[in-house]
Amino acid sequence: MRFSRMFIPTLKETPSEAEAVSHRLLLRAGFIRQLASGLYIFLPLGYRVMERINTIIREEMAGIGAQELLMTVLHPAEIWQKTGRWEEIGEEMFRLKDRTGRHMCLGMTHEEIMAWLASREIRSYRDLPQIWYQIQQKLRDEARPKSGIIRTREFLMKDSYSFDRDEEGLEQSYRLHEGAYHRIFNRCGLRFYQVESDPGMMGGATAHEFMAPSPAGEDDIALCGSCGYAANVELARSLSPETEAGDLPYEEVHTPGKRTVQEVSEFLGLPPSRFIKSLLYIGDDGPVLVLLRGDQDLQERKLQRIIGPFRTAGKEEVVATLGVEAGFIGPAGHKVRIIADEALKEGVYVSGANRADYHLKGLRPGVHFDAEWADLHIAKEGDRCHRCGAPLRIERVIEIGNIFKLGTKYSVPLRAYYLDENGVERPIVMGSYGIGPARVAAAAVEQSHDQDGIIWPRAIAPFDVTVLPLNMADTETVELADELYRALTEKGLEVLIDDRDERAGVKFKDADLIGIPTQVIIGQKSLRQGLVEIKDRRSRQRELVKREEVVERVVDMVQGSA
RNA sequence: CGGGGCGUAGCGCAGCCUGGUAAGCGCACCUGCCUUGGGAGCAGGGGGUCGGUGGUUCAAAUCCACUCGCCCCGACCA
């Protein structure tokens, strides 16, 4: 491909709206353009990267026997109504009517449609198992699109769905995907973790996410370097640091105006971990008092899993429900449901005395109050692993893929049943598995760049090699460049030749920005000695090679580390 | 949806507080000369209803109201 004929609008300056590294670089290097909030156009370079990622995905999906198909973007409402998600999902779903007034939506995922297809076509256990996948546009009216290509309203997604007879079959399909995902992300050159995740509204029990570490991410994961425990902090368990031991006499103390743990802690000279935080939430089934150790914070997802949707209680609600104002609430003597974090099971604590301006020392769980025990706190850096006790670390990550065991959540309402050997009708057991190719690309840029630009992993770079004839006015340079371009292309490499009539500096800057892994630089000075320079974008190392040996050397480089 | 910020030429910005003499700079773009190993130089040139609407005023990029759009933090994220 000739640079002069390819649409590569590079930018010297960063558009002001771009914050995330991947957003800035993809914009500057001419890979993407923004159409509106959360809507991005992939320019030729960006599209090439996406296609290379998709090719890797297709190869690995084929490797586990998955079959590619293509569904529609527009869905009739009835199918979504059957599973209840038409109502469950709020404003995030784009909805519209066709000309006859029929309700439709734009597909944000395809569990329903896949199950619908299966319900019509799969009759017998002999038809199972199946794995169907597509690489299809998804639309979600995101509350807050952000970070360039990482969170958009319209995005490409590889989504596959497995159909099995039973849990055992599902387990196998799940493992196949797990393996394929590891191969895909490795081939794409990403650093990533597989972590336990919250199945959430997808239903089902087991779910994992594939997470690429990056400060531009939106999730945090907890990792144990010792036993390998890895989980999204939404559900990560952890042991809080031991609290200071020492008995406290059971007594009420006057704490005028001291409400927060911080204030009372300083006032009484005791560490926050000796306190019980009492927080009132209002769930669908009424108020719930949540108890946490003073040095911990509530992981709302964990509470939600126990009591469903909830909100914090207002000031008046606190007084009306508990008879005391916030700041002096204690765990004892209330009629509301009380759920306490497990970290409070042992020890002697200080808490509110249920009386304005007073706190209570010497509180013992099981003696002075009772509660349901649950894991409620957010796992923090420095907490210990609940499995092996080693310290946990927390990392910020981009979710690049996920795998869910769905079970029969979609097959039952959509009547996707098959007949087993005994002629018994059984629901198909499903799994669903996603990968966001654009996030893979963004994560690659986030993880692999320097001051000058992108450094593409070889397997997903828009081109394998770029040829830079520095002086287009020099016939010998141009001729050699063309010759090398042809020879490299014949070797099966994707080559971009910068044939623009630009100064050397411009070509160097653009080449580094765009991030093609190997640069072949043809300058007059070296050429007079019959030498051509080969530069590795990542290491920045240059080597001078005899002009006859360039092709062989470049092919080695490209294939060597691919 | 709550909080914050920003809309002036393709991009990055100044001007706004203190209304008039304020449509300006750098880059990019076009023409010519020159130059060719890290975003050159000189000369000439094109391009902007100052996001939109309404108001205040003799006069609005500048003040006021409304509105649209974009970004960031949070909530949400099937």
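Everything numeric here is computed off the predicted structure, so don't read it as measured data. So you know, we letter chains A, B, ... as the sequences are listed, proteins then strands, and number each from 1.
Residue whose closest nucleotide on RNA chain B sits further toward the 5' end, between A:Gly90 and A:Asp512: A:Asp512.
Backbone-only contact: A:Gln34 has heavy atoms under 4.0 Å from sugar-phosphate atoms and none from a base. Among the heavy atoms of the strands lying under 4.0 Å from A:Ser147 are primed sugar atoms or P, OP1, OP2 only; no base atom is included. Residue A:Ala18 is classed as having no contact, given no heavy-atom separation below 4.0 Å to the nucleic acid. Within 4.0 Å (heavy atoms only), A:Ser526 reaches at least one base atom of the nucleic acid. As judged by a 4.0 angstrom heavy-atom cut-off over every strand, A:Glu17 is placed among residues touching the sugar-phosphate backbone only. Heavy atoms of A:Lys535 sit under 4.0 angstrom from at least one base atom.
Between A:Leu35 atom CG and B:C70 atom C1' there is a gap of 13 Å when expressed in whole angstrom units.
Side chain A:Glu13 to base B:G26: a donor-acceptor pair is found below 3.5 Å. For B:G39, its base never sits under 3.5 Å from the side chain of A:Arg500 at any donor and acceptor pair.
Taking atom C1' in both B:C63 and B:C17, one finds a spacing of 11 Å when rounded to whole Å. For B:G12 and B:G20, the C1' atoms lie 29 Å apart once the distance is rounded to whole Å.
For A:His177 and A:Phe210, the ring centers are positioned 6.0 Å apart or more.
In this structure, B:A40 shows a glycosidic angle more than 90 degrees from zero, which is the anti conformation.
At the phosphate of B:C11, neither OP1 nor OP2 sits under 4.0 Å from any side-chain N or O atom of A:Lys12.
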